Amino acid sequence: MKLEGERVTLGVTGGIAAYKAAELVRLMVRAGLKVRIVMTPNATRFVTPLTFQTLSLSQVRVDTFEPVAPDRVEHVALAQETDLLVVAPATANILAKMARGVADDLLSTFYLAYGGTTLVAPAMNTQMYLHPATQENLEILRKRGVVVLEPQEGELACGDYGPGRFPEPPYILERVLDLLYQKDFHGKAFLVTAGPTREYLDAVRFISNPSSGKMGFAIAREARRRGARVYLVAGPTHLEPPWGVEYIPVTSAQEMYQRVLDLYSGVDVVIKAAAVADFRPKPLAEEGAKFKKEGREGLLIELEANPDI
Ligand SMILES: Cc1cc2nc3c(=O)[nH]c(=O)nc-3n(C[C@H](O)[C@H](O)[C@H](O)COP(=O)(O)O)c2cc1C
(Lines give C-alpha, C1' and ligand atoms only; values in the text may rest on other atoms or scores of the structure.)
Protein backbone atom coordinates (compact mmCIF):
# COMPACT_ATOMS: atom_id res chain seq x y z
CA MET A 1 0.00 0.00 0.00
CA LYS A 2 1.27 3.46 -0.76
CA LEU A 3 0.76 6.36 1.59
CA GLU A 4 -0.48 9.43 -0.19
CA GLY A 5 0.82 12.49 1.55
CA GLU A 6 -0.64 11.82 4.99
CA ARG A 7 0.11 14.91 7.04
CA VAL A 8 2.35 14.48 10.04
CA THR A 9 3.26 17.34 12.33
CA LEU A 10 6.50 16.61 14.16
CA GLY A 11 7.06 18.44 17.43
CA VAL A 12 10.75 18.69 18.31
CA THR A 13 11.62 19.68 21.88
CA GLY A 14 14.78 20.70 23.68
CA GLY A 15 16.53 17.43 24.44
CA ILE A 16 19.92 16.15 23.40
CA ALA A 17 18.20 13.67 21.03
CA ALA A 18 16.81 16.55 18.92
CA TYR A 19 19.50 15.83 16.33
CA LYS A 20 18.08 12.33 15.84
CA ALA A 21 14.73 13.87 14.87
CA ALA A 22 16.45 15.07 11.68
CA GLU A 23 16.93 11.44 10.62
CA LEU A 24 13.30 10.72 11.51
CA VAL A 25 12.15 13.56 9.23
CA ARG A 26 14.24 12.16 6.37
CA LEU A 27 12.70 8.70 6.84
CA MET A 28 9.15 10.06 7.05
CA VAL A 29 9.58 12.15 3.89
CA ARG A 30 11.01 9.11 2.09
CA ALA A 31 8.00 7.06 3.21
CA GLY A 32 5.74 9.51 1.37
CA LEU A 33 4.51 11.57 4.31
CA LYS A 34 3.99 15.32 4.23
CA VAL A 35 5.91 16.50 7.27
CA ARG A 36 5.60 19.82 9.03
CA ILE A 37 7.77 20.74 11.98
CA VAL A 38 7.03 22.68 15.14
CA MET A 39 10.08 23.31 17.31
CA THR A 40 10.03 24.62 20.84
CA PRO A 41 12.27 27.67 21.29
CA ASN A 42 14.53 25.50 23.46
CA ALA A 43 14.83 22.88 20.70
CA THR A 44 16.36 25.53 18.42
CA ARG A 45 19.28 25.74 20.86
CA PHE A 46 20.14 22.13 20.02
CA VAL A 47 19.47 22.02 16.24
CA THR A 48 18.75 24.92 13.88
CA PRO A 49 15.35 25.20 12.17
CA LEU A 50 17.25 25.33 8.87
CA THR A 51 18.16 21.64 9.22
CA PHE A 52 14.51 20.64 9.59
CA GLN A 53 13.35 23.10 6.94
CA THR A 54 15.78 21.60 4.42
CA LEU A 55 14.81 18.01 5.22
CA SER A 56 11.04 18.60 5.34
CA LEU A 57 10.92 21.13 2.48
CA SER A 58 8.62 23.30 4.55
CA GLN A 59 8.91 26.27 6.84
CA VAL A 60 9.58 25.36 10.45
CA ARG A 61 7.21 26.86 13.00
CA VAL A 62 8.61 28.08 16.33
CA ASP A 63 6.80 31.23 17.41
CA THR A 64 3.07 31.26 18.27
CA PHE A 65 2.87 34.91 17.24
CA GLU A 66 4.64 34.58 13.90
CA PRO A 67 2.38 32.56 11.59
CA VAL A 68 3.79 31.33 8.27
CA ALA A 69 1.17 33.50 6.48
CA PRO A 70 -0.73 36.60 7.66
CA ASP A 71 -4.16 34.98 7.18
CA ARG A 72 -3.35 32.08 9.53
CA VAL A 73 -3.64 31.60 13.27
CA GLU A 74 -0.91 29.01 13.20
CA HIS A 75 -1.88 26.67 16.05
CA VAL A 76 -5.49 26.45 14.82
CA ALA A 77 -4.74 26.25 11.08
CA LEU A 78 -2.07 23.58 11.55
CA ALA A 79 -4.40 21.55 13.78
CA GLN A 80 -6.87 21.30 10.90
CA GLU A 81 -4.11 20.18 8.53
CA THR A 82 -2.66 17.37 10.67
CA ASP A 83 -3.47 13.64 10.51
CA LEU A 84 -0.94 12.64 13.17
CA LEU A 85 1.08 14.53 15.76
CA VAL A 86 4.45 13.03 16.68
CA VAL A 87 6.46 14.61 19.50
CA ALA A 88 10.00 13.25 19.21
CA PRO A 89 12.05 13.71 21.23
CA ALA A 90 9.58 14.62 23.98
CA THR A 91 11.19 16.33 26.98
CA ALA A 92 9.94 15.87 30.53
CA ASN A 93 8.79 19.48 30.23
CA ILE A 94 6.55 19.02 27.17
CA LEU A 95 5.07 15.82 28.63
CA ALA A 96 4.12 17.77 31.77
CA LYS A 97 2.61 20.57 29.71
CA MET A 98 0.66 18.17 27.49
CA ALA A 99 -0.62 16.22 30.50
CA ARG A 100 -1.80 19.34 32.33
CA GLY A 101 -2.94 21.46 29.40
CA VAL A 102 -0.36 24.23 29.68
CA ALA A 103 -0.25 26.24 26.45
CA ASP A 104 2.70 28.61 26.64
CA ASP A 105 4.46 27.96 23.34
CA LEU A 106 3.38 27.00 19.82
CA LEU A 107 3.76 23.22 20.26
CA SER A 108 1.81 22.97 23.52
CA THR A 109 -0.87 25.38 22.24
CA PHE A 110 -1.13 23.41 19.00
CA TYR A 111 -1.51 20.16 20.99
CA LEU A 112 -4.63 21.53 22.72
CA ALA A 113 -6.10 22.90 19.50
CA TYR A 114 -5.46 19.61 17.66
CA GLY A 115 -6.96 16.83 19.80
CA GLY A 116 -6.22 14.05 17.24
CA THR A 117 -4.02 10.95 17.19
CA THR A 118 -0.76 11.65 19.00
CA LEU A 119 2.45 9.71 19.52
CA VAL A 120 5.21 10.78 21.91
CA ALA A 121 8.77 9.46 22.17
CA PRO A 122 10.12 10.53 25.58
CA ALA A 123 13.89 10.86 25.86
CA MET A 124 15.72 12.11 28.92
CA ASN A 125 18.08 11.34 31.77
CA THR A 126 17.04 8.18 33.66
CA GLN A 127 16.25 9.99 36.94
CA MET A 128 14.07 12.49 35.08
CA TYR A 129 12.27 9.65 33.32
CA LEU A 130 11.72 7.59 36.48
CA HIS A 131 10.64 10.62 38.56
CA PRO A 132 7.06 10.11 39.79
CA ALA A 133 6.04 13.43 38.20
CA THR A 134 7.13 12.24 34.74
CA GLN A 135 5.60 8.80 35.24
CA GLU A 136 2.29 10.34 36.36
CA ASN A 137 2.28 12.64 33.34
CA LEU A 138 2.89 9.68 31.02
CA GLU A 139 0.05 7.78 32.68
CA ILE A 140 -2.31 10.71 32.14
CA LEU A 141 -1.32 10.84 28.47
CA ARG A 142 -1.71 7.06 28.00
CA LYS A 143 -5.18 7.17 29.58
CA ARG A 144 -6.05 9.94 27.13
CA GLY A 145 -5.12 7.63 24.24
CA VAL A 146 -1.72 9.11 23.44
CA VAL A 147 0.66 6.43 22.11
CA VAL A 148 3.76 6.52 24.33
CA LEU A 149 6.88 4.85 22.92
CA GLU A 150 8.92 3.37 25.73
CA PRO A 151 12.43 4.83 25.73
CA GLN A 152 15.25 2.33 25.32
CA GLU A 153 17.58 1.26 28.07
CA GLY A 154 21.28 1.91 27.63
CA GLU A 155 24.04 4.43 28.08
CA LEU A 156 22.70 7.98 27.88
CA ALA A 157 24.40 11.13 26.60
CA CYS A 158 24.81 12.27 30.24
CA GLY A 159 26.78 9.09 31.04
CA ASP A 160 24.00 7.42 33.09
CA TYR A 161 22.86 3.90 32.28
CA GLY A 162 19.14 3.07 32.30
CA PRO A 163 15.85 3.86 30.57
CA GLY A 164 15.56 7.22 28.82
CA ARG A 165 17.25 6.73 25.46
CA PHE A 166 15.54 7.94 22.31
CA PRO A 167 14.36 4.95 20.24
CA GLU A 168 16.03 4.47 16.85
CA PRO A 169 14.33 6.55 14.10
CA PRO A 170 13.45 3.48 11.89
CA TYR A 171 11.50 2.04 14.82
CA ILE A 172 9.66 5.34 15.39
CA LEU A 173 8.85 5.46 11.66
CA GLU A 174 7.38 1.96 11.91
CA ARG A 175 5.11 3.05 14.77
CA VAL A 176 4.11 6.18 12.83
CA LEU A 177 3.19 4.14 9.76
CA ASP A 178 1.29 1.68 11.95
CA LEU A 179 -0.95 4.56 13.06
CA LEU A 180 -1.48 5.83 9.51
CA TYR A 181 -2.02 2.65 7.47
CA GLN A 182 -5.52 1.43 6.74
CA LYS A 183 -6.05 -1.90 8.48
CA ASP A 184 -7.57 -3.74 5.52
CA PHE A 185 -6.00 -7.07 6.65
CA HIS A 186 -7.44 -6.77 10.16
CA GLY A 187 -8.58 -10.18 11.43
CA LYS A 188 -6.37 -12.08 8.93
CA ALA A 189 -3.39 -14.22 9.87
CA PHE A 190 -0.37 -14.45 7.55
CA LEU A 191 2.45 -16.98 7.56
CA VAL A 192 5.55 -15.77 5.71
CA THR A 193 8.77 -17.71 5.19
CA ALA A 194 12.01 -15.87 4.47
CA GLY A 195 15.77 -16.16 4.10
CA PRO A 196 18.02 -19.12 3.38
CA THR A 197 18.28 -22.42 5.22
CA ARG A 198 21.51 -23.97 6.46
CA GLU A 199 22.19 -27.66 5.98
CA TYR A 200 24.99 -28.72 8.31
CA LEU A 201 27.71 -31.21 7.31
CA ASP A 202 29.11 -31.28 10.85
CA ALA A 203 29.08 -29.00 13.89
CA VAL A 204 30.58 -25.99 12.05
CA ARG A 205 30.28 -26.49 8.27
CA PHE A 206 27.12 -26.04 6.28
CA ILE A 207 25.68 -25.70 2.77
CA SER A 208 23.51 -22.63 2.22
CA ASN A 209 22.64 -19.92 -0.33
CA PRO A 210 22.98 -16.13 -0.38
CA SER A 211 19.28 -15.29 0.14
CA SER A 212 19.14 -12.04 2.16
CA GLY A 213 15.59 -12.54 3.44
CA LYS A 214 14.67 -8.98 2.40
CA MET A 215 11.67 -9.99 0.30
CA GLY A 216 9.99 -12.08 3.02
CA PHE A 217 10.73 -9.50 5.72
CA ALA A 218 9.25 -6.73 3.54
CA ILE A 219 6.10 -8.78 2.91
CA ALA A 220 5.75 -9.54 6.62
CA ARG A 221 6.20 -5.85 7.50
CA GLU A 222 3.61 -4.73 4.95
CA ALA A 223 1.04 -7.30 6.11
CA ARG A 224 1.60 -6.22 9.72
CA ARG A 225 1.21 -2.55 8.84
CA ARG A 226 -2.10 -3.40 7.20
CA GLY A 227 -3.39 -4.98 10.38
CA ALA A 228 -2.68 -8.71 9.88
CA ARG A 229 -1.34 -11.00 12.55
CA VAL A 230 1.94 -12.16 11.03
CA TYR A 231 4.15 -15.17 11.70
CA LEU A 232 7.56 -14.83 10.09
CA VAL A 233 9.47 -18.12 9.89
CA ALA A 234 12.98 -17.17 8.79
CA GLY A 235 16.33 -18.80 8.25
CA PRO A 236 19.53 -17.04 9.36
CA THR A 237 19.70 -13.43 8.08
CA HIS A 238 21.23 -10.16 9.26
CA LEU A 239 17.84 -8.41 9.30
CA GLU A 240 15.98 -6.98 12.30
CA PRO A 241 12.58 -8.67 12.62
CA PRO A 242 9.87 -6.12 11.74
CA TRP A 243 8.06 -4.61 14.69
CA GLY A 244 4.89 -6.40 15.73
CA VAL A 245 5.40 -9.68 13.83
CA GLU A 246 5.77 -13.02 15.55
CA TYR A 247 9.32 -13.93 14.59
CA ILE A 248 10.25 -17.61 14.48
CA PRO A 249 13.94 -18.09 13.66
CA VAL A 250 14.94 -21.47 12.22
CA THR A 251 18.10 -22.93 10.72
CA SER A 252 17.48 -25.97 8.52
CA ALA A 253 14.85 -26.80 5.89
CA GLN A 254 13.49 -29.58 8.11
CA GLU A 255 13.08 -27.13 10.99
CA MET A 256 11.34 -24.62 8.72
CA TYR A 257 9.08 -27.39 7.41
CA GLN A 258 8.10 -28.35 10.96
CA ARG A 259 7.35 -24.76 12.09
CA VAL A 260 5.29 -24.12 8.94
CA LEU A 261 3.29 -27.32 9.52
CA ASP A 262 2.64 -26.30 13.15
CA LEU A 263 1.23 -22.92 12.08
CA TYR A 264 -0.39 -23.76 8.74
CA SER A 265 -3.92 -24.65 9.91
CA GLY A 266 -4.29 -21.41 11.91
CA VAL A 267 -3.55 -18.89 9.15
CA ASP A 268 -5.48 -17.42 6.22
CA VAL A 269 -2.56 -16.65 3.91
CA VAL A 270 0.80 -18.38 3.36
CA ILE A 271 3.57 -16.59 1.46
CA LYS A 272 6.67 -18.68 0.80
CA ALA A 273 9.57 -16.31 0.16
CA ALA A 274 12.32 -18.46 1.70
CA ALA A 275 15.14 -19.99 -0.37
CA VAL A 276 14.88 -23.49 1.03
CA ALA A 277 17.62 -26.04 0.33
CA ASP A 278 16.31 -28.94 -1.77
CA PHE A 279 18.86 -31.35 -0.31
CA ARG A 280 20.71 -31.82 2.96
CA PRO A 281 23.99 -33.66 3.44
CA LYS A 282 24.21 -36.88 5.37
CA PRO A 283 26.19 -35.95 8.51
CA LEU A 284 29.98 -36.36 8.24
CA ALA A 285 30.53 -36.52 12.00
CA GLU A 286 28.75 -37.39 15.23
CA GLU A 287 26.35 -34.73 16.49
CA GLY A 288 28.28 -31.78 17.92
CA ALA A 289 31.62 -32.98 16.45
CA LYS A 290 33.77 -31.74 13.54
CA PHE A 291 35.00 -34.09 10.86
CA LYS A 292 38.78 -34.23 10.36
CA LYS A 293 40.67 -33.58 7.13
CA GLU A 294 43.69 -35.66 8.14
CA GLY A 295 44.19 -38.81 6.07
CA ARG A 296 41.61 -37.86 3.41
CA GLU A 297 42.50 -37.37 -0.26
CA GLY A 298 39.07 -35.99 -1.09
CA LEU A 299 35.55 -35.90 0.23
CA LEU A 300 32.28 -37.23 -1.11
CA ILE A 301 29.20 -35.57 0.31
CA GLU A 302 26.04 -37.60 0.01
CA LEU A 303 22.81 -35.59 -0.17
CA GLU A 304 19.27 -36.58 0.67
CA ALA A 305 16.13 -34.74 -0.36
CA ASN A 306 14.46 -32.27 1.99
CA PRO A 307 10.67 -32.25 2.26
CA ASP A 308 8.93 -29.67 0.05
CA ILE A 309 7.38 -26.99 2.23
C1 LIG B 1 22.61 19.83 27.32
C2 LIG B 1 21.19 19.63 27.74
C3 LIG B 1 20.56 18.47 27.40
C4 LIG B 1 19.22 18.25 27.79
N5 LIG B 1 18.62 17.08 27.44
C6 LIG B 1 17.35 16.86 27.84
C7 LIG B 1 16.71 15.65 27.48
O8 LIG B 1 17.27 14.78 26.79
N9 LIG B 1 15.44 15.46 27.89
C10 LIG B 1 14.77 16.38 28.65
O11 LIG B 1 13.62 16.14 29.03
N12 LIG B 1 15.36 17.56 28.98
C13 LIG B 1 16.62 17.82 28.59
N14 LIG B 1 17.22 19.00 28.92
C15 LIG B 1 16.44 20.00 29.68
C16 LIG B 1 15.50 20.76 28.76
O17 LIG B 1 16.23 21.40 27.72
C18 LIG B 1 14.70 21.77 29.56
O19 LIG B 1 13.87 21.10 30.48
C20 LIG B 1 13.89 22.68 28.68
O21 LIG B 1 13.12 23.55 29.49
C22 LIG B 1 12.95 21.91 27.75
O23 LIG B 1 12.21 22.82 26.98
P24 LIG B 1 11.11 22.37 25.91
O25 LIG B 1 10.40 21.21 26.47
O26 LIG B 1 10.24 23.58 25.78
O27 LIG B 1 11.84 22.10 24.65
C28 LIG B 1 18.53 19.24 28.54
C29 LIG B 1 19.19 20.43 28.85
C30 LIG B 1 20.50 20.63 28.46
C31 LIG B 1 21.18 21.92 28.83
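No experiment lies behind these values; they were computed from the predicted model shown. Both ligands and their constituent atoms are indexed starting at 1 by order of listing.
Each of the atoms 7 (C), 8 (O), 9 (N), 10 (C), 11 (O) of ligand 1 lies under 4.0 Å from some heavy atom of Met124. Close approach of ligand 1 to Thr40 is summarised as follows: ligand atoms under 4.0 Å from at least one heavy atom of the residue are 24 (P), 26 (O), 27 (O). Residue contact check: Ala123 has heavy atoms under 4.0 Å from atoms 7 (C), 8 (O), 9 (N), 10 (C), 11 (O) of ligand 1.
Regarding atom 12 (N) of ligand 1, its nearest protein heavy-atom neighbour is Met128 CE, 3.7 Å. The single protein non-hydrogen atom nearest to atom 15 (C) of ligand 1 is Gly14 O, 4.1 Å, given as residue, atom name and distance. Scanning all protein heavy atoms for the shortest distance to atom 11 (O) of ligand 1 gives Ala92 N, 2.9 Å. Considering only non-hydrogen protein atoms, atom 25 (O) of ligand 1 sits nearest to Thr91 OG1, 2.6 Å.
Around CZ of Arg30, the count of heavy atoms belonging to other residues, nucleotides or ligands within 6.0 Å does not exceed 12. Heavy-atom contacts from other residues, nucleotides or ligands closer than 6.0 Å to NZ of Lys20 number more than 12.
For atom 2 (C) of ligand 1, the nearest protein heavy atom lies under 4.0 Å away. Within the 4.0 Å cut-off (strictly below), a protein heavy atom is located near atom 6 (C) of ligand 1.
Not a single N or O atom of Phe46, backbone or side chain, sits closer than 3.5 Å to an N or O atom of ligand 1. The shortest N or O to N or O distance between Lys97 and ligand 1 is not under 3.5 Å.
Looking at Glu199, its side chain never comes within 3.5 Å of a backbone N or O of Ser252 through a donor-acceptor pair. Judged by distance alone, the side chain of Lys183 and the main-chain N or O of Asp178 form a donor-acceptor pair under 3.5 Å. Using a distance-only test at 3.5 Å, with no hydrogens or angles considered, no donor-acceptor pair links the side chain of Asp63 to the main chain of Leu106.
Between Ala92 and Met128 the shortest heavy-atom distance is CB-CE, 3.9 Å.
For Phe190 and Tyr231, the distance between ring centers is not under 6.0 angstrom.
Between Val147 and Thr118 the shortest side-chain heavy-atom distance does not fall below 4.5 Å. Using a 4.5 Å heavy-atom threshold, the side chains of Arg224 and Pro242 count as separate.
Comparing Asn125, Leu107, Asn93 against atom 19 (O) of ligand 1, the shortest heavy-atom distance belongs to Asn93. Nearest to atom 22 (C) of ligand 1 by heavy atom, out of Thr13, Asn42, Ile16, is Asn42.
Of the heavy atoms in Pro41, none comes closer than 4.0 Å to ligand 1.
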